[in-house]
Each structure stands twice: as structure tokens, then as C-alpha cells.
Protein chains: 2
Amino acid sequence: MAKRSTTRRTGIADVAKHAGVSHATVSRVMNGNFTVDPVIAQRVRDSAAELKYYPNSVGRSLALGKTDTIGVVVPDLGNPTFQAMLRGVSRAAAKDGYRVLIADSSEVLSEEAILAAEARRRCDGVVLCAPRMSDAELQDLASSLHPLVLINRTIEIENTPSLSADYGQGIQELASYLVGLGHRRLAFLSGPEQSASNRLRVDGLAKFMAEHPEVELQTLAGGVSFAEGHESVDRILASGATAVLAFNDLVAMGLLSGLHEHGVAVPGEISVTGFDDIPFARYTTPPLTTAAVPITELGEAAWERMRSVLQEDEQVSLGTIFSPQVVVRGSTGPVPRS
Amino acid sequence: MAKRSTTRRTGIADVAKHAGVSHATVSRVMNGNFTVDPVIAQRVRDSAAELKYYPNSVGRSLALGKTDTIGVVVPDLGNPTFQAMLRGVSRAAAKDGYRVLIADSSEVLSEEAILAAEARRRCDGVVLCAPRMSDAELQDLASSLHPLVLINRTIEIENTPSLSADYGQGIQELASYLVGLGHRRLAFLSGPEQSASNRLRVDGLAKFMAEHPEVELQTLAGGVSFAEGHESVDRILASGATAVLAFNDLVAMGLLSGLHEHGVAVPGEISVTGFDDIPFARYTTPPLTTAAVPITELGEAAWERMRSVLQEDEQVSLGTIFSPQVVVRGSTGPVPRS
DNA sequence: GCTTTGCGAGAAAACGTTTTCTGAAAGCGT
DNA sequence: ACGCTTTCAGAAAACGTTTTCTCGCAAAGC
């Protein structure tokens, strides 16, 4: 049983004794139950205040069968996108009296299922952001994780809402914008193969290419981080593309930095677009043209869904798709003459 | 008592019945207690696997008197500095099997004490980052929050480690560097009055000025955010300073952006320094000269201290101060001739 | 005056574990 | 064969709440 430390914290029993009532009555008073005589209620409140009593939340959770906590699993707490999402979830949940337990898989794919399961054991539900987990594994996990809300996935699973941005549409709009500027040789600096949102981009581009036979597209392996964008500068230059669609803003910024070091003018010689519109995208040089994903709102919406599931609402909207918005800034321009 | 949902989760009792042993034995097996006959142990494990049993962590917490969770209170989850700190704490704690519950006060000072107290009730300890809370309030709170670790505060409280960066030293080094470049008219774009780390900067600058009578320093009210830096550009230009020490990188970046809009060359006409070295500081135009605060390591160290306190180590180091490192980049240069 | 109604508070069960204590069986030496 | 220790598993208490059930008591109705 519990490690008996030298002094136990003051519990409901102490208050009960001090006020000369039973545990039950103290509990009722603390929970604002009105079936208790106002005189006694006040005596209990006074005792509680005097003894500095606060209900033990573990005991409460056990009796109530809920923790008022949800888990949020993200691949990388250092990534601005996930940070913004986490903030959205956390603030929205806080408004309803729920707290957030974080689990950072540090991009280790094999940890995600374990972390999610462990989070679920401690919390009333899990918001899972696992861009690279396979649909099959997600299906398997879903029932054991329920209540579960998926972020940045479009997958239909019973009882589990999934929220996502329409990366396919966004990248098409970016490509369309570039082609409108006269570009005919595009390069796509892709994200991880397994990434669901990368697949959406690839599919979107395929569709776009089908409609624009005059345009040429090369797909180069990129990555997700600034460093990976920076590294790919040579391959981009070798490709001969006049415009680059980077997987996300971080990669675009890395590329921008690399191009700058090579003395390549942006957008004079080459145009660059990002994706996400992270807070710093507007402050790069030149400011980054990108497709804005309302990721904080996506996080807030994730909480709304979670709340619906927790309250066992009749009607919970499952699939929700946010539309990215193209934001034109300085990193894109007309195709160079030469 | 607990809301009896239609189907109860499988508990220790189910496993016990299935394996034909008592609760106690199941518990022993699940906790790797070796005083159990290997044959029986295996039978229990098989039953557990078959029934997909996982110990309920709330029940466990109640019996054990600990939650394996710590709370982290930050003023703003949208601020890169606190994000980095949170990541440091979270990853370090995860290595020791602890999880982090986050509480974001959204810069509402009056919420911080409440959030911290509530976090403490749910967790084994609290890491508190409250730059603007008064020393007196901190003192009051400390005993009720213990185990408590303070971040970015230098205050001596019994039993509560506090970690901080030496903002005073850092800003002196920055000022010294600027004076070395020939600057004699400096401006300090200050943070919030109540901010402890701002006070350290102010004191550091005062000391510096005492040693450098030839230098002139103006202190202007600034803020903590990009927007506030951006807004102060007019006042900076009016001040006639040739170099600006911004409260932090965000403010510096806002200022940089504002100066750019006004067509003022940096560092040609004016030099700018930041503070913190957030990830994007190296990618501004020009890249920001700043004092790097190892904030992620500070977060990791915070967990180390917390662990020591939780383990009731004999010797816990209380005050720890990290030294910022001046990082010279492109936003600073020689004083203009005119 | 007796029964009914209703209100308010206490006793006790329940939530799901861990751990102490106890006792049974087995092993071993004489 | 007896008594001693040792091993191992079960009974039960403990952790700190909430909630159902029950019951006493007073007021009201006849």
C-alpha cells in the first residue's frame, strides 16, 4: 500500500472529523450538492479552508472513472507545426477543464503506438498525430485507444474523428500559381515516403500534371526539416527546375538558406514555395510563399471532437477537412528569361 | 461510485479468476516480483495476454501514492523559448518514465498560481516557469507546491531548485561587443517591468554603464513579442541610437522587420542584437547576433533536479546558473561614420 | 393520535490497485 | 517422525474519493 511518508496529506477524513460530519457530507459539500443543510455546509467549508483541504484528484479519478485529462501524441515537439497544434488542443481543452498530457515520440515511428497506448491508460482519450503510421496499424490501434481523434490523417474508422488539411488541393493551388507565373519546369521536394500528408501532395500533383501536360515535374527526395532542405540545394540546382515546391516551410527555409549561400537569387533565378505557414514563414528573406494550414484551429477542432466523443454525443462529425490558403509572398516570381 | 458503463474494462480480478489465483498474485507477477512460482507466473501472464489486461494506472497511482507525472507551467505555449524548455523537460522526464502535464497560462499572470496548484494536485511535482510572478508570491506558493523546480528565476527557497540563465552577464557581453565595434549610443528595448529576467538585464546594463562612462544608454519600453518589437521601430529611430539591445530574439526580429520596412540598413545604419538564440534567429536577414541561452538543456536540468527531489536525494543542488554565449551573426557591425 | 411523506445525513460499498500479514505446505537436519 | 525454517500464495487492509442505500426524525395529512 501507499508509502507512508512521515506526514499524510490532509484528506477528506480529517475534514469530516474536524467538522463533526461524515466523509459523505464533506464530499457532497465539496461537489456543490445542495441536499446538505446550509449551516453544516458552511461548517464543512470552514473546516476545509482551515485545514487547507483540497480533494485528492487520484482518488477522485478512481471513483469517478475519469481523469479530465487527454493525451496528445506528436512526432516532434521541436517542430513548429506540432507545437501550434498542441497549443490549439491544450487551450481548447483547458477551457473545458481538461488538461493535456504530452507524449513526444521523437520521430521514432515504432514508439508511437506504445506511447499512445500508455497515454490512453492514463487519460480519458488520445489525440494522435502520427503522420507516418500505416493505415492498417491505425485501424488495429483505434479500438483499443478509443476515444481517439486523429490529426492530419484522412482515414475512415468507426467512432474516431479524423481531422486533416487538404494537402492535395493546397499543393495543386501552389503549382497552379507557379504555372500561372510562367514556370514549366517544377521540382517537388518531397517528404517521407510513408507520410500520409506527403501522399496527398503527391496525388494532388499527379492530378495537376494530368491536367497540365505542358508542365514538367521532377520529384526529389527531401525531408521534413530545415537541415534536409538545406542539403538538397545541389540536387535542386542540378534539376534545372525554375520553381520548387518544398514539402513544408522548414524545408523551404533550409533551401532558401542554401540557395542564398550559393548566390542564387530568389525569386529572380528560382521560385520557392513552402507549406504550412508557420509563424516565421513571413519573416524569411524573401518572405515565403506558402499554403497556410490553420493548424492551431485544427488542434482546437480536435478537442471539440474529443469532447463530443467523451460526452457520448449522438452525432459526432468524423471526417473534417480544412482547406489550406495560398499566401503569396516574396519567394515566388515570374520565370527567368534565360 | 464509478459510472457503470455497459462493459467494464478488464481488471486485475478478471485475470485472477481466469488464472485461478488471487489479485495479489497477479499484482506480483505484473510487477516482476520474483517470489512467485514460475509456472504460476507464466499462467498469469498468459491470462493477462489473453484478456488483454493492462493495469489501470489510476488504481495504481492511488495505491502507490505517485502518478509518475509532473506538471509544467508556462506563460505561453506559442513562445519558442518556452516550447524549447518544455521539450527539454518532456524528453528528459520521458527517459525516466515520467510524463508531462502541460498548463499554459496564456500570459495571464493571475492564473499561474491557480494552474500550478491544480497541476500539483494531479502530479508528483511542478516545474514552474513564471517570469513575472513576484518573489513574495513565489515564496508563499513554494511550500504548497513542493516538489517544485523553478525555471528562469534566481531565488533562494528551501527545498526548491531554481535554474536560470545569467541574463545580466549575457547582456553585458553583448553591450561590450557592441562598444568594441565603436558604438557609443545604445538603446535597450526592455521587457516587462515585473519580469525577473528583465531585471537581471537592467542590473547587468547598469553595471556595464558604471564601468563605461563614455557610453550612453537609453532604455525604451519594449515587450516580449515580435509585434511589440515591430511597433517600437519609430521610437528606436527617434532615439538616435546606433545599436539596439532587444529584450529577446522575437522583439529583435520584429524590430528587424520594421527597420527593413523603413529602409534602414542593418547593420549599416543600426546594429541589432537579440537574446535567447531561438532556432530561427540564424535565419533572419541579416542573421541575428544574440546571446544563446541553452534553454532546452535548462529544461533537461530542471528534470534532473526534479528527479533528485522526488527520489529524496540527500544532496540536491538548488541554484544553477547557465551562462549565455554571445553568437555573432550579421545583424551587428561597426558604428556608421556619419 | 397515527400514518405518511420528505428531507438530510451517515454507513458502507465501490473504483482498481499494492502490500503487509498470515498461514499452509514443503524441505531439511537430526 | 519431529520440529525447524523457508517458500509461496491468499486474505484483507489501505490508498481517497463518490454515491447508493438506509434510516432517523420532523412536519404534514387524516
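Chain letters run A, B, ... following the sequence lines, proteins first and then strands; every chain starts at 1.
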Quiz item: So do the side chains of Pro192(A) and Val224(A) get within less than 4.5 Å of each other, counting heavy atoms only?
Solution: yes
Quiz prompt | Close side-chain approach of Gln194(A) to Leu109(A), heavy-atom, < 4.5 Å | solution = yes
Have [X] and [Y] got a donor and an acceptor in their side chains that come within less than 3.5 Å?
X	Y	answer
Gln139(B)	Asp135(B)	no
Arg120(A)	Ser144(A)	no
Ser106(A)	Arg91(B)	yes

Practice problem: Grab the two heavy atoms, one from Ala93(A) and one from Val100(A), that are nearest each other, plus how far apart they are. | Solution: CB-CG2, 4.4 Å
Quiz item: At their closest point, which heavy atom of Asp68(A) faces which heavy atom of Arg122(B), and how far apart are they?
Solution: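 Smallest heavy-atom distance, with atoms named: O-NH1, 3.1 Å.
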[X] [atom1] to [N] [atom2]: how many Å, rounded?
X	N	atom1	atom2	result
Ile12(A)	dT17(D)	CD1	P	5 Å
Asn33(B)	dT20(C)	CG	P	11 Å
Lys66(A)	dT18(D)	NZ	P	12 Å
Arg122(B)	dT17(D)	CZ	P	15 Å
Arg9(A)	dC15(D)	CZ	C1'	13 Å
Leu62(A)	dT18(C)	CG	C1'	13 Å
Asn31(B)	dT17(C)	CG	P	11 Å

Quiz item: Should we say atom CD of Gln311(B) is surrounded by more than 12 heavy atoms from elsewhere, each under 6.0 Å from it?
Solution: yes
Self-check item: Residue whose closest nucleotide on DNA chain D lies nearer the 5' end, Ala41(B) versus Arg60(A)
Solution: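 Looking at the nearest nucleotide for each, Ala41(B) comes out on the 5' side.
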Quiz item: Does any residue of residues 49-58 of chain A have a heavy atom under 4.0 Å from DNA chain C, and if so, which ones, in number order?
Solution: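 Under 4.0 Å from DNA chain C: no residue of residues 49-58 of chain A.
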Quiz prompt | Pair Arg307(A) + Glu304(A), salt bridge at N-O below 4.0 Å | solution = yes
For nucleotides 5-10 of chain C, which of its nitrogen or oxygen atoms have a protein nitrogen or oxygen under 3.5 Å away, and what is each distance?
| from | atom 1 | to | atom 2 | distance (Å) |
| --- | --- | --- | --- | --- |
| dA9(C) | OP2 | Asp37(A) | N | 2.9 |
| dG10(C) | OP2 | Ser22(A) | N | 3.0 |
| dG10(C) | OP2 | Ser22(A) | OG | 3.0 |
| dG10(C) | OP2 | Thr25(A) | OG1 | 2.7 |
| dG10(C) | N7 | Arg28(A) | NH2 | 2.9 |

